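Data first, discussion second: the structure below is written as structure tokens.
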Amino acid sequence: MMIRLLSLFSFVFLFSVAGLQAQNIDVSGQVVDATSGESLPGVNITVQGTTSGTTTDIDGNYEITVPSDATLVFSFVGFQRAEIPVEGRSTINVELQESTAALDEVVVVGFGTQRRADVTGAVSSVSASELEEQPLTNTELGLQGISPGLTVEYEGGQPGEENAVTRIRGTGTLNNANPLVLVDGVEQSLSTLEPSSIESISVLKDAASAAIYGSRAANGVILVETKRGAGSGMNIQYNTYVGVQNELGFPEGASKEDWMMLVNEAQVNAGGSPIYSQEYMDNVLAGTNPLEYPFAEWEKGVFQENALEHNHSLSVSAGSDIGRIYANVNYTNTEGVIQSFNNERASIRINSDLYLTDELTAKANVLYRSRDVSGPGFTPQRITQGILHMNRNAVMSYPDGQEATGDLLFGQWNPFIMANSGETTRLSNDIVGTLGLEYQINEMFSLEGDFTANITGTDETVFRESRNGMINYVTGEPVAASGWFGTNTLQEGRFSERELSQRLYLNYEQSVGSHNVSGVAGYEEIYNRTEQVSAARANFFNNELRSLSAGDAGNQRTCQSYDDPGRFTAGCYDNEWRLRSFFGRANYSYDDRYSLQANIRYDGSSRFGEGHRWGLYPSFSAGWRISSESFMENVDPISNLRLRGSWGQLGNQEIGLFQFMNTYNLNQPYQFNENVVPGAAVTDAGNPIITWETTTMTNIGLDVGLMDDRVEIIGEYFWNYTDDILLDLPIPPTIGVSPPTQNAAEVSNIGWELQVNYNSVAREDGLQYSIGVNFSDVVNEIESLSGEGPFYPDKFTVWAEGHSINSLRGFTSPGLYRSQEDLNEHPARINPNAGIGDIIYEDLNGDGNLSQSLAIDGGDQVIMGNEDPRYEFGVNFNASYRGFDLSMFWQGVLKQHHTLDGALMEGPNWQNFIPEVMAEKTFHPERNPDGTWPKVTAGNTWNLQESDFWLQDTKYARLKNVQLGYRIPQSMVNSLRIYVAGTNLLTFTPTELFDPELPRGRSQFFPHSKKLTVGMNVTF
């Protein structure tokens, strides 16, 4: 009901405001330097509250059509921003005053805004234009490389469910290390946020800037403000683009001839017979009779060429003396580069402000978003697993008119059928509604309060078809179907999340002479509840019946799935938590030289037990503008020189629920009177005294402006230390329960950031350009595990004191056995069959055996590197000339390592995928005695151990986006711009085996894509 009222209020308000709009008039004039009187070419002129605008020509002249009551905003690097009401005038000449523009920039911070000149913490700002002008469907991916210290690792994912790992200044915990993302003060996902509705993004990286969010801010905070209505007039904007995508980074396979030759070679080396006869190989290479002599090129049957993507965004921004409103309608449709995958998303956002009196403003925001993520009955991971792990001597599909029929390998594998059969749908509805009031008590005090309901509901269906009854096209014999294809199954899940939050805070601001004092004090409360239920049935009469009631009731399951579960079809639960908080901030500045700030937050969380639910999080920071001192008056090149420092503490409550309580299993088998009966027992021990993870942050920053801030340099050095990290320390197995979670670990992140921006002087011919470079590094280290460990969370990684959380472990290897002398020198082997052409593993402890634990723990493995991205960089270039504009953005990492696993190194040993590089470099005593890859042997496991032999250098530089646009001169609309753009068009990396942005492992991911788009921006 509240959402309907908000929508009704906003639409009525929109039409009320629209009815009061003034007529459009033509305005012209000249912009000059107030000091020298020289004309200023390239000055940006926009209508306040909109993106509609123009620029001055080489003589400083401009023309623009605007509402008669609009306000024009004139901005230019090195000059003060000017806001001039039109008031019906047709000629407006402007004199701009010189200024240190960077200092006047307004930055969004926690519960308010500050001038850049007054910010003492580590805050990076991202302009809306940096994202809006890119053809993006996922805002999170658009932040990659834009801000130093902000790491976004794209791990692939089907459209609508892209997997991105975002970190601010490294990984600070062994648990949930995701930053807090707030959109208009409400926690939401960046991945589904429409770029067209964003006004600004601020990244809060240290305690001084983030402490006001207390227990949720230990991993940093990303603040997003969406657009609001214009102060006056009406502006309508329509943005659209259409693009085609193609697979990027999937490993290049060997040629058909090399593939079959290596498969045969592996069989012969194992003492067997070749799989492919010469006749078979000749027919495959000649392409004759592919049904009798098949060679399945799974990639061609699974990947889709030129997958279509299109986006449409229509926004209206309006305002008058009764209020203002912003409305945005957005629609996106994206096909996947794997067949059958699709994401369709539609949303409407309305932000409105109603001026009830001169002092009282009512605010109403509403967002409705519909997401339809669809695909076949199998996950992308299963489909790519099939490509990488299945034989090629199979028919992908038969030309018999039936859909997706062919051989089933082992009775259940065929990537083409998996990508083109069954159905998965996830229909989600998101509703976010906010009602608030803002009251200006007097010149010094204002009071703000709001209430928000954030509701998400998802219905998921996963249907897998039966393939019983398939007939081999050539032989007429039935094709065996088992496993996934042995019977049809339907799984359904329901997920809902409801979060209610409320905030109330008092603002204070006063200036007395050179003294400026401001502050905020407030209260916030959040209540969250999530629920999930699921059910499944099998043995439907046919593959067309896809209603749960049509399945076999004798095979039904509740709260569990058949085979692979979907996201919401694997279980049932009902969880809730609550957070209550009190916070405050005080700011003081003197004479634009000295700044002090203090923050504090007091949080109480239901995630902890009685007596341990409250945490206090303070921070302090200071800034000194050295360039404002008298001794700097004659240092002309330096327009700004400011030193900043901060210290503070933050918390992390993202630890899972109810860990302070024992977990009981109510269906524990128990023998009673010689019968097994159900019983109850504690299976997981709780810890009633667990408390917050606490991160202590220290930050030192230096801001430098040169040549009237045309050159801007921002440097940061930081040290973050997290203690009381929750960890399951081992307990004796005789206790009979799983160990409790304890505050036992400590982790540090030490690093630096550097950002350099240059804005050119506008030339008389109208050419202007800017270059921005950012560079950062962070070193992660586990400081303490309370004397325990090393811990081995999986077969790749290790947690050990003095090393990174993302450390990779494995054997050390000097290379391959190439002679009997090598065999004598390195007698320890994983398998006695290892010989010439196989990998050598060092026996570090000298006991004659190879143990898969660290040498410091008595084994033979070492920490051979880590997966932390080091020396991350971003390079942004923008230029404009007359009506043209060009932008280019590069992003990369100069030091990074992953390790291989699975098919890419197994190859013909297990009849799996054979990379092109394997065919080129595999050792053979006669054919390739200098080969650097081990020889192939069917059934070989001894060459597949984790070791530095398989460590991959995955540093990279990637052209993330390049765009060329042209603003068409015409009089029909205020602005018309067309552009062409490319995404991920170039990549430079040493690795030949997979996309360097993908995580380590078996490469079973939805692949990245490269994209070409054409688009248009129109403003009315």
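Predicted, not measured: the structure shown is a model, and the values here were computed from it.
Residues that satisfy the ring pair (Phe, Tyr, Trp, His ring centres under 6.0 Å) test with F250, not counting sequence neighbours, are F303. Applying the salt bridge (charged side-chain N to carboxylate O under 4.0 Å, His left out) criterion to R371, with sequence neighbours excluded, gives D430. D372 pairs by the side-chain contact (heavy atoms from CB on, under 4.5 Å) definition with E344, S374, L427, not counting sequence neighbours. With sequence neighbours left out, F378 forms a ring pair (Phe, Tyr, Trp, His ring centres under 6.0 Å) with W484, F485. Take T530 and apply the side chain to side chain donor-acceptor pair (under 3.5 Å) test, not counting sequence neighbours, and it matches no residue.
Taking 4.0 Å as the cut-off between side-chain N and carboxylate O, E194 and R369 count as a salt-bridged pair. At a threshold of 4.0 Å, the pair E465-R467 counts as salt-bridged, since one of the basic side-chain nitrogens sits closer than that to a carboxylate oxygen.
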Report task. Please step through side-chain hydrogen bond (donor to acceptor under 3.5 Å, both in side chains) for the pair N343 and T334, ending with a clear verdict. Result -> CA-CA 5 Å; N343 174 45; T334 306; 5.0 Å; no

Q: Could you walk me through whether L944 and M905 pass side chain to side chain contact (heavy atoms under 4.5 Å, CB included), step by step?
A: CA-CA 7 Å; L944 309 179; M905 61 181 187; 4.0 Å; yes

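Using a 3.5 Å distance cut-off with no hydrogens or angles, the side chains of N652 and R216 do not pair a donor with an acceptor. Residues N528 and E497 have side chains that bring a donor and an acceptor to within less than 3.5 angstrom of each other.
Rounded to the nearest 0.5 angstrom, T461 OG1 and R546 CZ are separated by 10.5 Å. Taking NE2 from H898 and OG1 from T954, the interatomic distance works out to 4.0 Å, rounded to the nearest 0.5 Å.
Remark: aromatic rings of F994 and F1005 are distant, center separation not under 6.0 Å.
Checked by atom type and distance alone, the side chain of N391 never pairs as donor or acceptor with a backbone atom of N393 at under 3.5 Å. Side-chain atoms of Q144 come within 3.5 Å of backbone atoms of V152 as a donor-acceptor pair (strictly under, hydrogens ignored). Under a 3.5 Å cut-off, the side chain of R464 and the backbone N or O of G377 do form a donor-acceptor pair. Not a single donor-acceptor pair under 3.5 Å links the side chain of N311 to the backbone N or O of Y241. The backbone N or O of R349 lies less than 3.5 Å from no partner atom in the side chain of N328, so there is not a single donor-acceptor pair. The closest donor-acceptor contact from the side chain of Q412 to the backbone of G486 lies at 3.5 Å or more, if one exists at all. In this structure a side-chain-to-backbone donor-acceptor pair under 3.5 Å is missing from N429 to S370.
When each of R578, E499, E187 is tested with I526 by the rule side-chain contact (heavy atoms from CB on, under 4.5 Å), just one qualifies, namely E499. Across S196, P195, S197, a single residue satisfies side-chain contact (heavy atoms from CB on, under 4.5 Å) together with T139, and that is P195.
Annotation: K1011, atom NZ; neighbour count of heavy atoms from other residues, nucleotides and ligands within 6.0 Å is above 12.
Side-chain contact between S501 and N454: absent, with no pair of heavy atoms (C-beta onward) separated by less than 4.5 Å.
A salt bridge (Lys or Arg N to Asp or Glu O under 4.0 Å) check over residues 380-393, counting only residues at least two apart or in different chains, returns the pairs E299-R392, R382-D564.
The two residues Q245 and S1009 make their nearest non-hydrogen contact at OE1-OG, 3.4 Å. Contact record, T173 with N219: CG2-OD1, 4.1 Å, taken as the closest heavy-atom pair.
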